[in-house]
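Keep in mind the model is a prediction, meaning the values are calculated, not measured.
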Amino acid sequence: MSSSTQSLSLPEFIDGRRISRFQYGAISLSGLVMFFDGFDTQVINYLAPHIAQEWGVSKQLLGPIFSAALVGLMVGYLVLSPLSDRFGHKRLIIAGSTVFAVSTLFSVWSSGVTELVVLRFITGLGLGAAAPSAIALTAEYSPKRFRASFVLAIYCGFSLGFVVAGVVSGWLIPVHGWRSVFLVGALAPLILVPIMAKFLPESLAFLIGRGGNPGRAYRYCCRIDRSLPRDARPEFRVTEQSADGRVKVRALLSREWVLGTLLLWLVFAINLAEFYALQSWLPTIMTDLDYPLSTVVTATTLTTVGGIAIALVVGPAMDRLGAYGSLGILYLAGTAFLVLMALAFNSPLWVLLLSSFLVGCSVSGGQKSLIALAAMFYPAAVRSTGVGWALGIGRVGGILGPLVVGAAWTAGWSANTLFYAQAVPMLISAIIVLYLGRRTRRAERNDTKEPTNASPTAPGGGGGGGGGGGGGGGGGPPPPPRGWGPNRGGRVFPPPRPRPHLVGTGPRAAALPLRCCAAPLPRSRS
């Protein structure tokens, strides 16, 4: 007896249905990964003074301990995150979480600076491997109408990890010492690992493509929509553009993608430079200006609270009103807020605290929103690589920002001048994001105009992907219609090359093969 055929199109299948408990579970597990990421990143800042006191080392030697995990993060973002597009997001999330949990556990028994620096670097590698995959998996299982909101929500977990790290440290260190905090930071993610192994789903795009397991992908679809027949023969159509199975960083820098990618990297570098400069130097600046410690702590905390609070507004705005316009307006407002902050040092205290909150909305909240934008900017096939490299390149700005602001403060710049100066790169970020949005809208308009011109060029029988044509395409589809160049009209992504299981979007979708048929599912599997 032959089974019935069930045709499913991705991501339309996700976009067109109500969110299921299965999807909420996947997003929640990704959020927990981001929470532990934030906890382990921040906790060393609270432990370092106690470590220096116990080991009798100078504070100058704390620098490598602080920076080791950040360097590991950058290496993880740049080198390890692309592996998820080859081996699957779930595997890399579990592997990365295991690595940073085990290295944190070994830190409990560290006895010297060199040993701890190595362990913190390994911790950073694990964190940098897991975070981009968690973001990519959340984006893939989120309907388009909620995608930015969910990505922002799980990244708020990172900020909450910052806050909880301080609370746990203040509670445990006086009673049990600094090593107990490392122990908590290790055991919690270790407990999470087997839970993720059982309940965290793999990427649907990976299973249909490189993973070669469309049957498993269909079982996930049945859990999203329980009305689907479980014994059907699935046919998948993936209408997001693919990376042609080769997830390489140079794909992000191909001539079709290079402008959008480089501009996105620049905004990441600017935003992270502003963020780390603010977090690193605001307490010192306010202390040098003779503000009481309670005011310094309150103002610094408000920058983090502002970043979390604005996510409740910006996420839905990005989903409903447009991602680029919402983030561009936030950056424009941030320019004004930084100018207000510059004036606030000569104003009443309530103005300074309000300014700190508003600057946190634009700088910290802007960074979270930018990650959501990157998750929407790149298609599923290269999303983890794209987000990981954007975060990694952005870390360069995160390193340079505090150095530049510190040099300016040491050189005698006033607090007012510093914040006036920081408003300029924020304005540049706003202009870039708005330009990218205009470029994307132009590309979408061109795509809607081209199908009638493209249909005569569709091949009659060359869909199998061999073909000798296309000297410049390496066996790809025929050249695009006249006037439709790789960067004309602001295209961000190149048209996909035909693959047996993928279809493309835009003017040449009709020319590409349409389906991949999986074998019927065993009836005994649920």
Counting N and O atoms only, with roles assigned by atom type, does the side chain of Gln23 sit under 3.5 Å from a partner on the main chain of Ser142, one being a donor and the other an acceptor? no
Going by the ring-ring contact (aromatic ring centres under 6.0 Å, His included) test, which pairs reach into residues 147-167, not counting sequence neighbours? Tyr155-Phe158, Phe158-Phe162
Trp178 side chain vs Ile51 backbone, donor-acceptor pair below 3.5 Å: no
Distance, nearest 0.5 Å, that separates NZ of Lys90 from OG of Ser84: 14.5 Å
Looking at Ala205 and Glu140, what are the two nearest heavy atoms and their distance? N-OE2, 2.8 Å
Value for CG (Leu272) from CG (Leu400), rounded to nearest 0.5 Å, stands at 11.5 Å
Pick out which of Val387, Ile27, Leu373, Ile371 makes a side chain to side chain contact (heavy atoms under 4.5 Å, CB included) with Val151. Ile371
Between Val33 and Ala130, what is the shortest heavy-atom contact and its length? CG1-CB, 4.0 Å
Step by step, work out the side-chain contact (heavy atoms from CB on, under 4.5 Å) result for Val363 and Met426. CA-CA 9 Å; Val363 175; Met426 184 65 76; 3.6 Å; yes
Do the non-hydrogen side-chain atoms of Ile224 and Phe13 ever get within less than 4.5 Å of each other? yes
Filter on salt bridge (charged side-chain N to carboxylate O under 4.0 Å, His left out), then keep only pairs touching residues 43-58, sequence neighbours left out; what's left? Glu54-Arg179
Quick one, Leu160 and Met34 - any side-chain contact, counting heavy atoms below 4.5 Å? no
Short question: side chain of Ser180, backbone of Gly177 - any donor-acceptor pair under 3.5 Å? yes
In the structure I gave you, are the side-chain heavy atoms of Val75 and Leu80 within less than 4.5 Å of one another anywhere? no
Between Ser81 and Gly388 the two heavy atoms that sit nearest each other are OG-CA, 3.5 Å
Checking the side chain of Ser97 only, and the main-chain atoms of Ile94 only, is there a donor and an acceptor separated by less than 3.5 Å? no
Could you grab the distance from atom CG of Leu200 to atom CG of Leu29, nearest 0.5 Å is fine? 5.5 Å
Heavy-atom side-chain contact between Ser169 and Val43 under 4.5 Å: yes
Using only atom types and a distance under 3.5 Å, with no angle test, would you say the side chain of Arg223 pairs donor to acceptor with the backbone of Phe22? no
Answer whether the closest heavy-atom distance between the side chains of Arg395 and Tyr276 falls below 4.5 Å. yes
Can you check side-chain contact (heavy atoms from CB on, under 4.5 Å) on Leu47 and Phe182, steps first, answer last? CA-CA 9 Å; Leu47 304 187; Phe182 272 144; 3.7 Å; yes
Salt bridge present between Asp319 and Lys144 (N-O < 4.0 angstrom): no
Please check if the number of heavy atoms outside Trp55 that lie under 6.0 Å from its CH2 is greater than 12. yes
Is the closest side-chain donor-acceptor distance between Tyr141 and Ser203 under 3.5 Å? no
Check against side-chain contact (heavy atoms from CB on, under 4.5 Å), Ile14 and Leu204: CA-CA 10 Å; Ile14 300 290; Leu204 292 173; 4.1 Å; yes
Check whether Glu274 reaches the backbone of Ile270 with its side chain - one donor and one acceptor, N or O, closer than 3.5 Å. no
Rounded to the nearest 0.5 Å, how far does CZ of Phe419 lie from CG of Leu282? 5.5 Å
Interatomic distance, Phe275 atom CZ to Ser362 atom OG [nearest 0.5 angstrom]: 12.0 Å
Run Met318 and Tyr324 through side-chain contact (heavy atoms from CB on, under 4.5 Å) and show every step you take. CA-CA 7 Å; Met318 292 177 74; Tyr324 296 93; over 6 Å; no
How many angstroms lie between atom CZ of Phe35 and atom OG of Ser159, to the nearest 0.5 angstrom? 11.5 Å
Can you tell me if CZ on Phe106 sees more than 12 non-hydrogen neighbours from other groups inside 6.0 Å? no
Just by distance, do the side chain of Asp15 and the backbone of Pro143 share a donor-acceptor pair under 3.5 Å? no
Are any of the side-chain heavy atoms of Tyr331 and Ile431 separated by less than 4.5 Å? no
